[in-house]
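Report on the following structure.
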Amino acid sequence: MTGRRMPSAGEPPLDFGGAVLLIVDAIPRGRVMTYGDVAAELGSRGARAVGHVMATEGSSVPWWRVVRADGRPPAGHEAEALAHYRAEATPLRRGGGVDHAELDYRLDLAAARHLPA
DNA sequence: CAGTTGACAGTCC
DNA sequence: GGGACTGCCAACT
């Protein structure tokens, strides 16, 4: 490794992933942010890039506080996210019919969306 | 160095 | 209201 990452004084203190972890960790309890909002905070439009960071380093941050623009939790983790939402009293929007599956819920972004500074 | 993949978003039908 | 296509950005092979 002949200096794979040369520490320059002009480069940002954190990588893209590091910045994403800080933003997600800054989300207050009972609130949620969309991938696009997190990417916008980083000055980038890579909503998918944010999702990658969550898939790789997301295990160290409240990933359930990061949801899709549709108000739906990350794919493949609807059940895990639901347990956290109910535990944090996060505003959810469920279909009026009880026939709806538990994993068919949606978040009320109108009330749960956290606006960063 | 280029191609492919991926916890997405926005717009059109 | 829901489904399909395209655009964007970052990490991996």
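These figures come from a predicted structure and were not determined experimentally. We name chains A, B, ... by the order of the sequence lines, and we start the count at 1 in each one. Every heavy atom of this structure was used, including side-chain atoms; hydrogens, water molecules and symmetry mates were not.
- When all heavy atoms are compared, the tightest approach of Ala112(A) to Pro91(A) is CB-CG, 3.5 Å.
- Shown here is Glu78(A), whose CD atom has more than 12 heavy atoms of other residues, nucleotides or ligands within 6.0 Å.
- Ring geometry, Trp64(A) versus His84(A): the interplanar angle falls under 30°, so the pair is classed parallel (tilted spans 30 to 60°).
- When the nucleotides dC9(C), dA7(B), dC8(B) are ranked by their closest atom to the side chain of Trp63(A), dA7(B) comes out on top.
- Rounded to whole Å, the distance from CZ on Phe16(A) to P on dC8(B) is 13 Å.
- The side chain of His52(A) lies closest to dG6(B), out of dA7(B), dG2(C), dG6(B).
- The shortest distance between side-chain heavy atoms of Met54(A) and Val66(A) falls below 4.5 Å.
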Should Arg113(A) and Asp108(A) be marked as a salt bridge (charged side-chain N to carboxylate O under 4.0 Å, His left out) after you check the CA-CA gap, both sets of side-chain angles, and the distance that decides it?
CA-CA 8 Å; Arg113(A) 197 174 188 187; Asp108(A) 189 353; over 6 Å; no
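- If you take CG of Leu42(A) and P of dA9(B), they are 14 Å apart, rounded to a whole angstrom.
- In DNA chain B, consecutive stretches of 3 or more Watson-Crick or G-U wobble pairs with both distances under 3.5 Å are given as paired ranges: B:2-6 with C:9-13, B:8-13 with C:2-7.
- The pair Glu88(A)-Arg65(A) meets the salt-bridge criterion, since a charged nitrogen lies less than 4.0 angstrom from a carboxylate oxygen.
- dA7(B) atom C1' lies 14 Å from atom NE2 of His84(A), rounded to whole Å.
- Between Asp104(A) atom CG and dG2(C) atom C1' the separation is 12 Å, expressed in whole Å.
- Side-chain atoms of Arg68(A) and Tyr35(A), non-hydrogen and from C-beta on, do get closer than 4.5 Å to each other.
- Nearest nucleotide to the side chain of Arg106(A), out of dG2(C), dA9(B), dA7(B): dG2(C).
- Contact between the side-chain N/O atoms of Thr56(A) and the OP1/OP2 oxygens of dA11(C) is not found at any separation under 4.0 Å.
- In this structure, Asp15(A) places its CG atom 11 Å from P of dC12(C), rounding to the nearest Å.
- Between Arg72(A) atom CZ and dA9(B) atom C1' the separation is 15 Å, expressed in whole Å.
- Among the nucleotides dA7(B), dG10(B), dA10(C), the one closest to the side chain of Ala69(A) is dG10(B).
- One can place CZ of Arg48(A) at 14 Å from P of dT4(B), the figure rounded to the nearest angstrom.
- Between the CD atom of Glu41(A) and the C1' atom of dC9(C) there is a distance of 17 Å, rounded to whole Å.
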